[in-house]
Every structure is written in structure tokens, then in C-alpha cells.
Amino acid sequence: MPILAILRYPDPRLHKVAQPVADVNEALQPLIDDMLATMYEAQGIGLAATQVDVHQRLIVIDVSEERNQPLVLINPVIVWASAERQKGEEGCLSVPGIYDGVERSVAVRVEALDRHGKPQTIEADGLLAVCIQHEMDHLMGKVFVEYLSPLKRNRIKTKLVKEQKEDARSGHGPQGRM
């Protein structure tokens with residue numbers, strides 16, 4: 001399973017809106033496996049296909065301590081979100097080394113297909129609910145830093161562009177989280 005390259009903010013491809021997966025078939029399985037391997041390798045808890053430059057509605061998540069409970073969501077739709085919201089610190093594999101507070105619903109219900117095309121409904125709260133909302137934002141072309149003030153967002157963009165230039169010169173690659 002090859003480790004996929006994760007796009008880094010402010011790459012414009014992170015702003016593409018993902019299209020629905022038309023057919024859940026065997027051809028999709030290697031991508032799912034590669035996304036899981038990439039997420040685990042990067043020590044993340046979630047990864048949207050958009051982040052690996054595949055613009056399909058596909059998310060992989062694993063918030064378990066043991067890192068052995070992968071969740072695959074194909075064509076996910078949040079069908080309910082709690083009115084109660086909470087601000088929590090988030091990070092992102094596409095925005096390495098940056099963490100900041102984002103307000104999200106504390107619980108969600110999502111309907112999606114699993115990796116075999118079987119419909120599933122997931123009731124989530126806590127970290128899983130936050131992760132689902134974060135990854136679904138990616139499918140809509142939104143990165144978590146867009147919830148921050150323009151000043152913070154510009155500082156982050158400047159910092160990451162500078163780091164990317166330094167990485168390119170030194171030959172080092174990116175590292176990150178969600």
C-alpha cells in the first residue's frame with residue numbers, strides 16, 4: 001500500500017468540491033487501503049480523498065486508541081447535527097503543525113456507504129463527531145483554517161508557504177495530523 005502525497009494548505013486543489021462516488025466496486029478498494037495507510041503513517045485520525053487530490057466523496061477515519069477501528073464513509077451526508085456546539089482545538093494533515101479552536105456540533109448523525117457499498121448510519125459524538133465534520137468540510141472544499149480570522153489565516157498561509165519553500169530546498173517532506 002503506497003503512502004499518498006497529502007496536499008498542503010494553501011494548495012488550491014484543497015478547495016475543489018468532491019463529486020459523489022458513482023460506483024463502489026473493487027477498483028475503489030486500493031484507494032481506500034492507501035488512504036488508511038497514509039492516515040496511519042501521518043499519525044492522523046481522519047483523511048478525506050480531497051486531501052490526496054482525489055475529488056470524490058470518500059473519507060477514512062480511525063479515532064480508536066489502538067488505531068484498529070477504521071471507518072470508511074463513501075458519499076457521506078450529515079442528516080442531523082446537534083444544536084449544542086462546542087469549541088475544540090483542531091489540527092489537520094493538510095495544515096501541518098497548526099492547531100486552533102473551531103466550533104462544531106457536539107453530536108451528528110451521518111448516512112454513508114461503507115467500503116463495500118452497504119448503507120450505514122453512524123451516530124457520533126465527541127472526537128468522532130468533530131472528525132466527521134472536519135473531513136466533510138474537506139469534501140466541500142473547506143479547510144479548518146477558514147473558520148479562523150483573516151489575520152490568523154494569513155499568518156498561517158505565510159508560515160506554511162515559507163516552510164514549503166524551505167522543505168523544497170532541503171528535501172524534507174510535510175508532517176501533520178487530521
Side chain proximity check, Pro70 to Val60, heavy atoms < 4.5 angstrom: no
Shared-cluster residues of Val79, by chain and number - hydrophobic side chains joined below 4.5 Å: Val77
Gln86, CD atom: more than 12 neighbouring heavy atoms under 6.0 Å: no
Gap between atom CD of Gln120 and atom CG of Leu71 - 0.5 Å precision: 6.0 Å
Atom pair CZ (Arg57) and OG1 (Thr50), whose distance is rounded to the nearest 0.5 Å: 8.5 Å
Any Val110 side-chain heavy atom under 4.5 Å of Met136 side chain: yes
Closest heavy-atom pair and its distance - Gln43, Arg67: C-NH2, 4.3 Å
Same apolar cluster (I L V M F W Y, side chains within < 4.5 Å links), Val17/Val143: no
Under-4.0 Å salt bridge between Glu123 and Arg109: yes
Distance in Å, Arg85 CZ paired with Ser105 OG, rounded so as to fall on 0.5 Å steps: 4.5 Å
Rounded distance (nearest 0.5 Å) linking atom CG of Leu36 with atom CD1 of Ile61: 10.5 Å
Where Ala112 and Pro76 come nearest, the two heavy atoms and their spacing: CB-CA, 3.7 Å
Sole candidate of Glu89, Glu90, Glu84 that passes salt bridge (charged side-chain N to carboxylate O under 4.0 Å, His left out) when paired with Arg104: Glu90
side-chain contact (heavy atoms from CB on, under 4.5 Å), paired with Arg13, selected from Asp53, Val52, Val54: Asp53
Euclidean distance, Thr38 OG1 relative to Gln51 CD, rounded to 0.5 Å: 10.5 Å
Chi angles and distances behind the side-chain contact (heavy atoms from CB on, under 4.5 Å) call for Ile74, Leu58: CA-CA 5 Å; Ile74 300 170; Leu58 169 62; 3.7 Å; yes
Inter-residue atom distance Arg8.CZ - Leu93.CG, 0.5 Å rounding: 11.0 Å
Result of checking Val95, Asp167, Asp11 against Leu160 for side-chain contact (heavy atoms from CB on, under 4.5 Å): Val95
Cluster check Val72, Leu31: I/L/V/M/F/W/Y, side chain < 4.5 angstrom: yes
Neighbour count >12 (heavy atoms, 6.0 Å) for atom CD, Glu103: yes
Flag side-chain contact, heavy atom, 4.5 Å: His138 against His134: yes
Verify same cluster id: Ile122, Leu127 (apolar side-chain graph, 4.5 Å): yes
Note, Asp137 side chain near Phe144 side chain (heavy atom, < 4.5 Å): no
hydrophobic_cluster_shared for Val108 and Val63, side chain cutoff 4.5 Å: yes
Least distance between heavy atoms, Gly46 atom then Cys131 atom: CA-SG, 3.9 Å
Expected output: side-chain Ser94 to main-chain Leu7 donor-acceptor under 3.5 Å: yes
Partners meeting side-chain contact (heavy atoms from CB on, under 4.5 Å) with Lys162 (sequence neighbours left out): Glu166
Test: Lys142 cationic atom under 6.0 Å from Tyr147 six-membered ring centre, within 45° of axis: yes
side-chain hydrogen bond (donor to acceptor under 3.5 Å, both in side chains) partners of residues 19-30, not counting sequence neighbours, each pair once: Asp23-Asn25, Gln29-Arg115
Shortest non-hydrogen separation from Leu139 to Gln56 and the atoms involved: CD2-O, 3.6 Å
CA sep, side-chain torsions, deciding dist, call: Lys159, Ile98, side-chain contact (heavy atoms from CB on, under 4.5 Å): CA-CA 10 Å; Lys159 178 181 186 219; Ile98 305 295; 3.9 Å; yes
Joint hydrophobic cluster, Met35 plus Leu113, side-chain heavy atoms closer than 4.5 Å: yes
Exercise: identify the closest heavy-atom pair between Gln69 and Ser64: N-OG, 3.5 Å
Where Leu148 and Gly101 come nearest, the two heavy atoms and their spacing: CD2-O, 3.6 Å
Side-chain touch Val24/Asn75, heavy atoms, less than 4.5 angstrom: no
Asp62 (side chain) donor-acceptor with Asn68 (main chain) under 3.5 angstrom: yes
